[in-house]
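Order of the sequence lines fixes the chain letters, A, B, ..., with proteins taken first and strands second; residue numbering starts at 1 for each chain. Fair warning: this is a prediction, and the values are worked out from it, not measured in the lab. Below, each value reflects all heavy atoms present in this structure, side chains not excepted, and no hydrogens, waters or symmetry copies.
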Amino acid sequence: MRLTAGESVASRTSRDVLVRGLAVLGRAIREEPRIFAVAVSSSVLFGAMTVASAFVVGAVVGDVVVPAIERGAVGVGGLALAAVALFGISVLRVAGIFGRRLGAGYMQYRLQAAYRRRVTRRYLELPLAWHHRNATGTLLSNANSDVEAAWYPIAPLPFAVGTLVMLVGAVASLFVTDWALALVGLAVFPALFALNVAYSRRMAPRQARAQRLRAEVSGIAHESFDGALVVKTMGREAQETDRFAARAGELRDSLVAVGRLRGVFDPLLETLPSLGTLAVLVVGTIRLRQGAITVAELISVAFLFTVLAFPVRAIGWVLAELPRSVAGWDRVSRVLDATGRMPYGDTTLDVSEPRPASLTFTGVRFGYEPAEAHLPGTEVLGEVSFTVPAGKTVALVGPTGSGKSTIAALAVRLVDPLAGTVCLDSVDVRRLTAASLTGTAALVAQVPFVFDDTVRANVALDRAGIGDDDVWAALRLAEADGFVAALPDGLDTMVGERGTSLSGGQRQRLTLARALAGRPRLLVLDDATSAVDPRVEAAILAGLRSSAAGAPAASILVVAYRRATIALADEVVYLEQGRVLARGRHTELLATVPGYADLVTAYEQAEVDPAKDETYDEVAPVTSGLKIEVDR
Amino acid sequence: MTTTTDTARKTATVETAEAPEPPETTWQTMRRGLALSPELRVGLAGTLGLALVYMVGRAAVPVAVQQGIDNGIVDGLDLGVIWTVVAVTAAVLVVTTLCGYLMMRRLFTVSETALANVRIRAFRHVHDLSMLHQQSERRGSLVSRVTSDVDQITQFLQWGGVILVINLGQLAVTTLVMFAYSWQLTLVVFAAFLPAVFVIRRLQRRLAGAYGVVRQRTGALLGAIGESVVGAPVIRAYGISGRTARRLDEAIDGQRRAQQRAIRISVMGSSVGELAAGLALAGVVVLGVTLGADRTLSIGEVTAFLFLVTLFIQPVQIATEVLNEAQNAIAGWRRVLDVLDVEPDVADPGEQGRELPAGPLDIRFAGVRFAYPGGPPVLHDVSLEIPAKSRVAVVGETGSGKTTFAKLLTRLMDPTAGQVLLSGVPLERVRFASLRSRVVMVPQDGFLFDATVAENVRFARPELTDEQLAAAFTELGLADWLDALPSGLHTCVGERGEALSVGERQLVALARAYVADPDLLVLDEATSAVDPATEVRLQRTLDAVTRGRTTLAIAHRLSTAQAADEVIVVDRGRIVQRGPHDELVRDPESVYGLLYASWLEQTR
């Protein structure tokens, strides 16, 4: 929702938009040349039949109706021919409509599907760092509404092209009929065309503004409903409504502005061809008196003006959609052209026998690029080095915001370091193939993500060699077998969008089982067991540390606060502000690193040192600038 | 500071497929809608009057052609007659065009104003619905109630509705003029169109079904895209982009096929209309000539009829298209109305409500039971009293019902039976304005808005200055954390606070509740992702600043319980123990004793 049609359109001249819009249409034609050819030729057929119908009607009146009425006798042959001709033209027009609308629709839908596929493929290919730089809402609308907007003018395009051909044909047939009537046509058709162009050029910025406001209104609603609990608990419904109403009011005003413009142009566009018909009546009568044309021809031309009025508007529709299309296309191509790759290497790790992998961080630095160019980027990690030896468990401990989750992400190569290396079994992770990497290391994230699929699919993820037995084994290890067995359809139970039918702890255990099912040689747990009972956690870790043969099945890097978890670790890496402050056994660090000791013994200290309470007691209310009355 | 895994928290902003529509007729929906937006009736008569005049303009040209031919051409060329006819018609057209402009202007202003109000009302209404109701709907579908659904109504009223009215009017005017010229020919036209109308109606029904499928598939598509964006870290970590791509492709192609099916049906409809038009034209010629030979009709009248038939075809075809849209718009309208019709089950007593008495609040639960709709009981007959100014911790295993406690206390939900009273006032009788300013809860997932830290903390009290906010952080012992942020108070927290770690978000949420300065503070595992040292520090400062107010903390960590004046132990929906920590731990076999043993095990 950050990029909006309004901004990108307003900054460009409408001529530029026209040129670029036509380029987008050209691309569409190149992508689906055959369907486009079918649609346009059908549309031309329709146009030709529309012009033809005018001349047939004229001929019928002049050659059948007039003689019949004047003579009072019906020429059966001529009448039958007229009826057949009129109906025949209708059948051909139907064929034209069929080909044109089906072609246009198929073309539009195929292009939409193709580009949705391309955009989502890019999402899967682009590195996570790129994902971080883009708001979720933007990425969703890139793949959805922007693709739709880009190909929107395709729907009326064949009609418009056919209409252009038809206009040329109509003017030509007018010249064949009579030069004076043709001049009327030459005055009316270009005027109609110009009116359409003027209409869409004035409409475009208003539509763009409405579109931008629509996105903003929707953005406010999204955020506000997402934070509904906070809004409710703080009683801010009225203020949130005001915030929404202000933008909704702007949207209303901009839509009214759109409506006023429509009010001016729509009736004019209707009236202009009617005026043309009246002009034909006058000019035609003069020419009739001069003997230059027949009654049949006069009626044909008058009819032509009537039937041509509607198709000409198709040109206006295409032009009106172009700015939106260009804006949509710009945003789509921003994804398609996005640079930044995280290519995988071609090295595979030897896994002839299952054994734990080692993990080594050497001088790893990491930071996020700033959201806007002029702001400073944030350094998250500076020179982090440590090792998780094969088969060992290392605990990552540090205060809130010290970079633990970033290390977890780097360990499984969700992101690459700015400097330094991350190695698995002494091989730089950037040199590993995707399969080797994901087969070796598994991450269980702090916040569980569950797919809208069955329990089985969520655990197995279609990975090769994971059967139901393995799924159950993994669930058992994660202590999730109990609740899964109690679900209505067991493994086949659909868990709902984002796993809404499960509790937080259940989701966490499900994602844990997902990691375990792949039998990773390195397991990275990012505070992933906070909702799991400590005994369960201990059992899980113990299970991993010793396989049936007694040798460890996996190395473990665990982000933890719980002392019970930390105590299970062979080594502790203590972080503060993105730097490793100390490494060693828990007991060593406890004795030598005050920060560490403060952190992990915080609860005990809170207990043994209640005196501190008193000091705070005295200080806090006094310094408080806003807590004026403690007692009301 | 951003953690990669936090992305998983992103809730997909997904518009959803809708369930089959309830069996309510279009007419009923429109009546409900109009009742809800009386603004729509403002000046309706005038607008319709203008529309009527505008429509007359459409029949003007065929009449002019007939008059010209019969009086100025066939009976000897008379340019004077032609000029008169043309001048009068042109004058009529000027007037009708002007009426068209005025009509549209009025219509747009009225409908946009009315629907903006519907939008705002629906927005407020969603916030007024209970938390239970909000959670039972997908977030995305609630958003579409105030966005795309309302857009569909305006779209329909303006593009579709106007076109429909104009075209129906045109149909009526055309029919009248046709009848005036010749009832026989009019019957021919009707005979040609009648079967078409039947076929089109049938196709219409199929088309409505086909559009339903499109909507559903679009919902599935958006869901799939949402998953691929929000779940990007998981997809990367497990190397399942192949599987994800496959699921996306299925969704993308599913939607495309549904769209193609819908357009096939739609095209059939317009083809039928066109064929009917051809039949009508042919029939008019045959019968018209026959009648003309009998001198029943003039040449001009037959010609005018041919023009009128095209005027008849267009509205029929356009109406077909518009009716398709109308189905969607009516469905959208119905969905908006349905939301507005939901009575908030946790309602604000408003003017009739009472203010909470001044000063610290005491809490009383009287025979409170609670069960989620259709679910087993979560709380069984809970009765308890908590004196004002005390600090109470509620502990229990996951699923014991302790969070329900917090939700009932803050009136996010109402008990199934029994009563919750604050300082003797039953909660359901307390005016929301009073309740929300005096009772504040900090939920576990402290949602942050896409703004700066300062703006988030200021949420409940916009009048606070930066200095006061900074002072609040200092009082909470978070000054050093705040200073470490790239731009201090003015650091942007990102969408849903994702530029901060989960623990940091909780700190901001806590500060936000703290500056709200409530008399009853309810903490629902509000510091579960904060490191122990910070938590302990927060605990102390909170204790200090909560002297004088009542605090109820749903505790994740028993350190909170240890610091509390009193601990309430919940087990399987019942209060099983109550008392200060030191007393409760004396029985190691009790629920609390076991919880505490487990806590010790993990912390030392």
Side-chain angles (χ1 to χ4, degrees), chain A residues 68-69 74 83 86-87 90 94 101 105 109 113 116 120 124 131 136 139 143 218 221 227 230 233-235 237 241 244-245 252 255-256 259 263 267 271 274 278 285 289 399-401 405 409 414 438 443 445-447 449 461-462 534 562-564 599 602-603 606 616-617 620 625 630-632, chain B residues 3-5 8-10 61 68 77 82 86 97 100-101 104-105 108 112 116 120 123-124 127 143 146-147 225 229 231-232 234 237 239-241 243 248 252 256 259 263 267 271 274 278 281-282 289 292-293 302 359 436 441 447 460 468 471 501 503 531-533 536 540 544 548 559 602-603:
Chain A
I69 293 177
V74 180
L86 282 173
F87 189 68
S90 271
V94 167
R101 287 201 50 205
Y109 300 145
R116 287 209 168 109
T120 50
L124 295 176
H131 279 262
T136 317
L139 297 188
S218 150
V230 172
T233 51
M234 301 234 158
E237 291 95 339
T241 307
F244 181 80
R252 175 199 59 216
L255 289 173
V256 168
T271 306
S274 300
L278 295 182
T285 312
R289 199 157 63 175
T400 305
S405 292
L414 287 183
T438 56
L443 167 74
Q446 195 173 15
V447 182
F449 182 86
L461 293 176
D462 292 351
R562 284 178 180 169
R563 277 183 70 178
L599 189 70
Y603 297 127
Y616 271 101
D617 237 3
V630 172
D631 278 324
R632 284 182 203 232
Chain B
T3 53
T4 43
T5 47
R9 180 161 288 233
K10 292 183 181 179
V61 168
L77 291 175
I82 298 286
V86 166
T97 307
Y101 165 67
M104 288 204 168
R105 211 186 130 123
F108 271 84
E112 287 299 349
I120 294 165
F123 178 87
R124 174 60 200 248
H127 272 306
V143 174
V146 300
T147 55
I225 295 175
V229 169
V234 180
I240 51 164
S241 49
R243 167 192 148 91
L248 278 166
I252 290 170
R256 179 180 56 81
Q259 285 174 323
I263 202 173
V267 170
S271 304
E274 183 65 33
L281 267 181
V289 168
V302 175
R436 299 304 181 208
M441 175 171 108
F447 181 89
Q468 286 171 310
S501 77
D531 70 70
V536 165
R540 288 201 189 104
S559 53
Q602 24 172 331
T603 50

Could you tell me which portion of B/Leu281 (side chain, backbone, both or neither) has an atom closer than 4.5 angstrom to a non-hydrogen atom of chain A?
both
Counting only non-hydrogen atoms closer than 4.5 Å, does B/Ile225 touch chain A with its backbone (N, CA, C, O), its side chain (CB onward), both, or neither?
both
Quick check on the interface: out of A/Gly259, A/Gly235, A/Ser274, who has the most heavy-atom pairs with chain B under 4.5 Å?
A/Gly259
For chain B, which candidate among A/Leu86, A/Thr120, A/Leu124 shows the most heavy-atom pairs at distances under 4.5 Å?
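Heavy-atom pair counts peak at A/Leu124.
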[X] to [Y] - nearest heavy-atom pair and separation:
X        : Y        : value
A/Leu414 : B/Ala237 : CD2-N, 3.6 Å
B/Gly100 : A/Pro267 : C-CG, 3.8 Å
A/Ser90  : B/Gly278 : OG-CA, 2.6 Å
A/Ala245 : B/Ile120 : CB-CD1, 3.5 Å
A/Thr438 : B/Gly239 : CG2-N, 3.3 Å
B/Ala282 : A/Ala83  : CB-O, 3.6 Å

To the nearest 0.5 Å, tell me how far B/Arg256 CZ sits from A/Arg116 CZ.
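B/Arg256 CZ to A/Arg116 CZ: 11.5 Å, rounded to 0.5 Å.
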Approximate separation, where rounding is to 0.5 Å, of B/Phe108 CZ and A/Leu255 CG:
9.0 Å
Of the listed residues (B/Val302, B/Ile263, B/Val61), which shares the most heavy-atom pairs with chain A below a 4.5 Å separation?
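When all of B/Val302, B/Ile263, B/Val61 are compared, B/Ile263 has the most.
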